[in-house]
Undergrad: 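The structure that follows is given in the form of structure tokens.
One-based numbering, in listed order, for ligands and for the atoms of each. What you see is a predicted model; the values in this text were computed from it and never measured.
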Amino acid sequence: MKKWRCSVCGYVHDGDNPPTFCPKCNAAAEKFNEIPAEESALIERARKTNHCHVQLLALLEEVKKVAAVGLADELDPPCVALFRKATQTAHELQQAIKAELAGHMGKGKWG
Ligand SMILES: [Zn+2]
């Protein structure tokens with residue numbers, strides 16, 4: 001699908017034509033430039049990767065919930081240690097993912 005970038009604010013629109021007005025800054029359609037196919041493909045890849053990051057964040061949240069159930073049961077020390085490690089590792093991965101996503105947004109890789 002064609003993509004158009006607002007020359008005023010950088011918003012990316014997907015469609016055969018630019019929007020009548022930019023939904024972000026209200027600039028008129030003629031302020032939009034068509035994004036070349038190669039760059040457009042990169043934007044699609046960045047979106048896919050961002051989606052993977054968001055899915056991982058949600059799965060890691062599930063890991064923390066399951067580990068919390070195990071921690072509450074306290075069957076034996078090795079189990080408790082493992083559930084603590086799962087919680088800690090999930091938390092660390094979530095922090096790393098959030099930092100990576102913040103980097104993407106800073107570089108305009110969130111189209
Ligand atoms: Zn705009």
Side-chain angles (χ1 to χ4, degrees):
M1 186 184 288
K2 283 186 182 179
K3 296 189 192 317
W4 306 81
R5 178 174 285 123
C6 174
S7 63
V8 177
C9 73
Y11 167 78
V12 174
H13 173 82
D14 298 273
D16 290 334
N17 299 295
T20 312
F21 292 101
C22 176
K24 193 172 166 191
C25 75
N26 218 33
E30 51 269 22
K31 293 287 184 185
F32 278 79
N33 300 310
E34 187 176 349
I35 297 172
E38 205 169 297
E39 190 185 341
S40 184
L42 264 179
I43 290 171
E44 286 297 332
R45 285 181 61 204
R47 285 176 179 172
K48 191 174 166 187
T49 290
N50 287 337
H51 182 66
C52 290
H53 283 307
V54 170
Q55 279 184 302
L56 279 176
L57 279 177
L59 288 170
L60 291 163
E61 203 56 41
E62 285 301 309
V63 168
K64 286 158 76 176
K65 281 184 197 164
V66 171
V69 172
L71 277 171
D73 193 47
E74 284 186 279
L75 180 64
D76 58 44
C79 289
V80 168
L82 194 146
F83 293 136
R84 280 210 181 102
K85 188 175 180 183
T87 304
Q88 179 63 27
T89 303
H91 180 74
E92 285 169 11
L93 278 171
Q94 285 179 317
Q95 297 308 110
I97 290 167
K98 286 178 200 171
E100 186 61 26
L101 286 175
H104 285 195
M105 284 184 258
K107 291 179 209 156
K109 283 187 185 171
W110 192 286

Undergrad: Considering all heavy atoms of both residues, which atom of Pro19 and which atom of Pro23 are nearest to each other, and what is their separation?
TA: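 Pro19 and Pro23 have their closest heavy atoms at CG-CD, 4.5 Å.
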
Undergrad: Between the side chains of Glu39 and Lys3, is the shortest nitrogen-to-carboxylate-oxygen separation below 4.0 Å, so that they form an ion pair?
TA: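 No salt bridge links Lys3 with Glu39.
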
Undergrad: What protein atoms of element N, O or S are positioned under 2.8 Å from the Zn ion (ligand 1)?
TA: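 For the Zn ion (ligand 1), the protein N, O and S atoms that sit under 2.8 Å away are Cys6 SG, Cys9 SG, Cys22 SG, Cys25 SG.
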
Undergrad: Taking all non-hydrogen atoms of both residues, which atom of Leu60 and which atom of Gln94 are closest, and how far apart?
TA: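 Looks like CB-CG, 3.7 Å.
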
Undergrad: Do Val63 and Leu71 share a hydrophobic cluster, counting only Ile, Leu, Val, Met, Phe, Trp and Tyr and linking them when any side-chain heavy atoms are less than 4.5 Å apart?
TA: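 As far as the 4.5 Å side-chain criterion goes, Leu71 and Val63 are not connected within one cluster.
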
Undergrad: Go through the steps for Val54 and Asn50 under the test side chain to side chain contact (heavy atoms under 4.5 Å, CB included), then give the verdict.
TA: CA-CA 6 Å; Val54 170; Asn50 287 337; 5.5 Å; no

Undergrad: Report whether Trp4 and Tyr11 are members of the same hydrophobic cluster (ILVMFWY, side-chain heavy atoms less than 4.5 Å apart, transitive linking).
TA: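 As far as the 4.5 Å side-chain criterion goes, Tyr11 and Trp4 are connected within one cluster.
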
